Every structure is written in structure tokens, then in C-alpha cells.
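Just so you know, ligand 1 is whichever comes first in the structure, and atom 1 is the first atom listed for that ligand. Everything quoted here is computed from the prediction, not taken from an experiment.
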Amino acid sequence: MPVIPPRAVHDFPFASIVPMPTIDEYLQHHAARFEDELCQFLRIPSVSADPACRDAMTRAAEWVEDQLQLLGLATEVIPTAGHPLVYAESPAVPGAPTALVYGHYDVQPPDPVEKWLSPPFEPTERDGHLYARGATDDKGQMLTHIKSVEAWRRVNGELPLQLKFLIEGEEEVGSRGLHQYLVDHADRLACDCVVISDSAQFGPDRPAITYGLRGIAYYEVRLNGPARDLHSGSFGGAVTNPANTLAQLLAALVDDQGKVQVPGFYDDVVPLLDAEREQFAALQFDEAAYFAQLGVDGAVGEAGYTLLERRWARPTFDVCGLTSGYQGEGAKTVIPANATAKISFRLVPRQDPAKIGAALEKRLIELCPPGIRIEVVDMHGSPGVLVPLDSPWMAAAARAIEHAFGCPPVYTREGGSIPIVTAFHETLGADTLLLGWGQEDDNTHSPNEKFSLRDFHRGIQASAKLWEELAAVGRQ
Ligand code: BES
Ligand code: MN
Ligand code: MN
């Protein structure tokens with residue numbers, strides 16, 4: 001029988017005289033409790049961006065540590081300059097590899113709260129989905145790897161490989177504390193591969209392994225004009241209006257073909273190969289259904305590329321927020337003293353966020369008219385990644401997914417970013433398996449975020465199989 005500390009004994013249904021259940025049987029038997037535990041986790045409002053949530057951040061970290069401790073892992077909550085990290089590890093297994101599981105317990109702010117059908121931190125089940133902030137990004141997905149370890153420990157005793165868990169609370173705000181920890185403690189985190197479930201399947205019943213993520217370069221552009229807000233009649237035409245200027249500057253950053261107009265922006269872009277374009281096309285992405293789901297009648301983007309190519313393998317420019325002038329009810333005739341924009345560039349591999357930041361600032365200063373002072377604040381940046389498709393770890397993950405989902409995964413890239421993936425590669429020399437259990441329409445970062453309970457359970461099942469498959473690779 002497994003050696004598990006007394007606290008870890010869950011109500012185990014099988015008396016010792018009956019045969020031990022298989023992992024899949026164990027998962028089935030405990031499915032309802034796993035859902036309850038996910039709900040507990042989702043009730044903690046761990047919004048990393050919100051200073052009012054500091055206590056909740058600590059509680060969420062402790063909740064994760066408790067879960068890992070109950071499985072008999074050696075655990076630690078590690079303070080950082082920001083929110084704490086949770087670290088846990090099981091013993092090394094001679095001849096078997098080590099996998100590092102990464103996830104995040106922080107979530108995005110729930111606003112606009114009035115758009116939620118049920119409150120964001122009161123998980124509610126509807127149509128086989130659990131609705132709550134963090135359901136898919138990333139509490140639900142991350143928990144699959146903890147529950148799969150529980151099943152292994154309860155059914156088989158020892159794990160077949162060494163697992164290290166590194167769960168952070170600052171993913172949604174740039175992972176600052178984790179970056180520092182990684183540099184300082186690379187030895188402790190040494191591993192053969194990294195496992196992350198924080199992305200999506202290609203569609204319902206179309207599980208995917210993601211082999212590419214875009215990078216990001218995020219800035220705040222601040223324009224300062226006259227010393228105070230002015231009467232737009234008395235002063236209109238006499239002074240440069242910061243709001244007008246902001247609109248002009250932003251519009252100048254992209255042309256009518258969807259090409260970003262920052263000098264040198266495309267210099268390092270790895271061009272899409274014909275073979276990859278064919279693979280994307282073979283996925284038969286349903287654009288009409290995608291638009292319908294988003295409530296739009298079409299879209300424009302960079303000319304010469306399909307929608308999937310633009311999302312996954314081409315860089316973009318987006319305005320994420322705009323603030324200037326009168327925002328209240330009715331009309332107010334005013335020339336605002338300031339205008340600010342939050343902007344992001346999604347990057348593809350080889351583009352360097354620092355180089356882009358410098359070129360952006362130079363270009364905006366060139367374009368800036370008299371009467372306006374401009375400030376460009378670098379918020380955060382990280383390059384894109386591509387993971388080799390031909391590793392034995394990839395093949396092992398594909399077999400685990402097929403076991404749980406009943407069909408092999410397709411191989412996708414994603415438009416989103418998980419900045420720490422690049423750092424894992426550079427610092428630990430380990431590639432990441434991006435095994436997303438979510439769906440494209442899970443409303444991540446939006447109101448009514450959800451996660452399919454069926455996918456939650458299949459994710460746990462795939463994860464449990466993954467440990468076996470990865471262990472087998474190490475023994476080859
Ligand atoms: N889980 C997402 C990243 C993601 C989104 C991966 C979609 C694959 C598909 C993650 O939590 C996230 O939101 N990342 C941020 C990073 C940023 C704050 C540096 C993002 O992509 O905006
Ligand atoms: Mn995430
Ligand atoms: Mn996110």
C-alpha cells in the first residue's frame with residue numbers, strides 16, 4: 001500500500017480484500033469530489049492585479065499547498081516581491097525522468113461584473129460547464145495535474161517519475177516574482193520537460209497539443225498637452241488636442257493592409273513555411289462559426305494571411321485601452337489636457353520585445369506634434385516560442401491524450417502568451433508540453449468564464465496517463 005501521511009486519507013471506498021481499482025476507476029469514483037474541490041478553489045477571489053485581493057492571494061496559495069501536501073509531496077510557499085509561489089516535489093525515481101508542472105492560481109479581474117449570469121466567485125454549473133472566474137484560466141486546468149497525482153498515489157503508491165510543481169500567482173500580471181526565482185533557483189527546478197495546461201483544444205472533442213505561443217510587448221503611451229482641460233470653443237484650433245493626437249499616432253501604427261508601421265518590426269519575423277500553412281489549412285477551421293460565436297459579421301486583418309495564420313503565426317498591434325477627456329453622461333465641450341493608451345504587440349518567435357520598444361518610442365516621438373509631450377512606458381514583454389514537435393515527450397503526451405479523449409491530438413499554435421515558457425527553455429533547457437483542456441469559447445478574461453466538466457475529468461485522466469507515458473520514455 002502506498003505510504004501517505006494520515007492527513008491524506010480520503011474516504012477510500014475499496015476494502016483491502018477487493019482488488020485495487022485501476023486509475024480510471026478511481027477517477028470515476030471520485031469525480032464528484034474533484035468537482036467540489038475545484039469549486040472551493042474557485043471561490044477564492046485571487047485577482048493578482050487587485051491590491052484588495054492580497055489576502056485571497058495568500059489563501060489561494062495555501063489552498064494549493066494543502067492539496068499538494070495531502071499527496072505526500074514536500075511543499076513550500078515561497079514569498080516573492082509580489083504574490084507567493086507554491087513549490088512541491090516528489091522523490092527522484094532512479095532511471096525515470098523529471099517533469100515540472102507549471103500553472104497559475106491568479107485570475108484576471110472579473111469586471112464587468114454586471115455581465116455575469118452568476119457571480120464570478122460563486123461557481124455555478126450550467127449545461128455541463130462550471131462558470132466562474134478562473135474556471136479554465138487556470139485553476140480548473142491546473143488542478144487536473146494535482147488530482148492525477150492523487151489517483152496515482154492512492155492506486156499505485158509511488159509515482160513512476162519525479163514531479164515538481166511550480167504554481168505562481170502573478171501570471172496575469174507579468175510573472176515578475178517567478179522570473180527572479182527561476183534565475184536564482186534553476187538547480188532546484190532542473191527537469192527533462194515542463195507540462196502546462198493553460199491553453200485550449202482546437203474545438204469540442206478535438207484535443208490539441210500547442211507547439212507555439214506568441215510573445216508580447218505591452219506599453220502605455222501618455223500624451224500630455226496643455227496644463228489643464230480647456231474650453232474647446234475658446235481654445236479649439238489654438239492648441240494641439242492630446243486626444244486627437246493620440247488617435248492620429250495610434251492610427252499611424254498600422255496601415256490599411258494590416259501591416260504594423262514600426263520601423264524594423266518585421267525584420268526578425270520567421271516566415272510561415274508552406275508546409276505549416278498547409279497544416280493549418282488541413283485543420284479546416286470554421287470561420288463562419290467562429291464569427292457567429294463572437295457576434296461579428298466578419299473581420300479585417302493583415303492582408304495575404306488566413307485567419308488562423310494571423311492568430312497563430314503573425315504579429316499584431318492592438319489598442320487594449322484608451323482614456324481621455326469627458327467620459328460622463330451627456331456632452332461636455334472640452335479639450336482634454338492628457339490622453340493615454342494601453343497598447344500591445346503580439347510577437348512571433350525571434351522578434352525581440354526590447355528592440356520593438358525602442359523602435360516604437362523613436363517612431364512615436366518623430367510623429368509627435370508641437371504642443372504635446374509624449375511618454376512611452378514599457379509594461380512587460382516576452383518573446384514567442386516554438387516547441388519541437390519531434391521529441392519523445394511530445395509522442396508520450398499524444399498517447400496520453402488519445403487514451404483520455406479517444407482520438408489523437410491535432411497540433412496547433414496559439415495567439416496568447418505564457419511568458420515563462422521562454423524562460424523555462426532558456427534557463428532550464430527544457431521544452432514545454434502545452435496540453436490545453438480548455439475551449440476557444442470558454443470566455444477567458446471575459447464575463448461568464450467557464451470550463452467543461454467533461455474536459456476537466458478527461459484532463460485528469462490524460463494527466464494520469466501522461467505520468468506513465470513520460471516515465472516509459474525515460475526508461476528507453
Ligand atoms: N492562459 C493564458 C495564455 C493563453 C491564452 C495561452 C490563450 C493560449 C491561448 C494566460 O493566462 C494569459 O492570459 N496570458 C497573458 C500573458 C500576459 C499577461 C503577459 C496574455 O496572453 O495576455
Ligand atoms: Mn492562463
Ligand atoms: Mn489569462
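- Listed by chain and residue number, the protein contacts of ligand 1 are H104, D137, E171, E172, D198, S199, R346, H380, E414, G416, S417, I418, P419, H445 (heavy atom within 4.0 angstrom).
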R153 and E150: CA distance, side-chain angles, deciding distance, salt bridge (charged side-chain N to carboxylate O under 4.0 Å, His left out) verdict: CA-CA 5 Å; R153 298 278 285 134; E150 179 193 313; over 6 Å; no
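- Taking the six-membered ring for Trp and thresholds of 30 and 60 degrees, F265 and F345 have ring planes inclined between 30 and 60 degrees apart.
- Aromatic ring pairs are classed by plane angle as parallel below 30°, tilted from 30° to 60° and perpendicular above 60°; the pair W467 and H145 is tilted.
- A donor-acceptor pair under 3.5 Å is absent between the side-chain atoms of D431 and the main chain of C193, judged by distance alone.
- For the Mn ion (ligand 3), the N/O/S atoms of E172 include one lying under 2.8 Å.
- Two residues are said to be in side-chain contact when any heavy atoms from C-beta on lie closer than 4.5 Å; L253 and V262 meet this criterion.
- Of all N/O/S atoms in D137, OD1 sits nearest the Mn ion (ligand 2).
- Using the six-membered ring where Trp is involved, F41 and W63 have ring planes that are parallel, under 30° apart on the 30 and 60° scheme.
- Considering the Mn ion (ligand 2) as centre, the angle to OD2 of D198 and to NE2 of H104 is 90° (10° rounding).
- Classified by interplanar angle (parallel below 30°, tilted 30° to 60°, perpendicular above 60°), the ring pair F202/F285 is tilted.
- By the neighbour-count criterion of 12 heavy atoms within 6.0 Å, atom NZ of K259 is densely surrounded, having more than that number from other residues, nucleotides or ligands.
- The Mn ion (ligand 3) has an N, O or S atom of H445 under 2.8 Å away, backbone or side chain.
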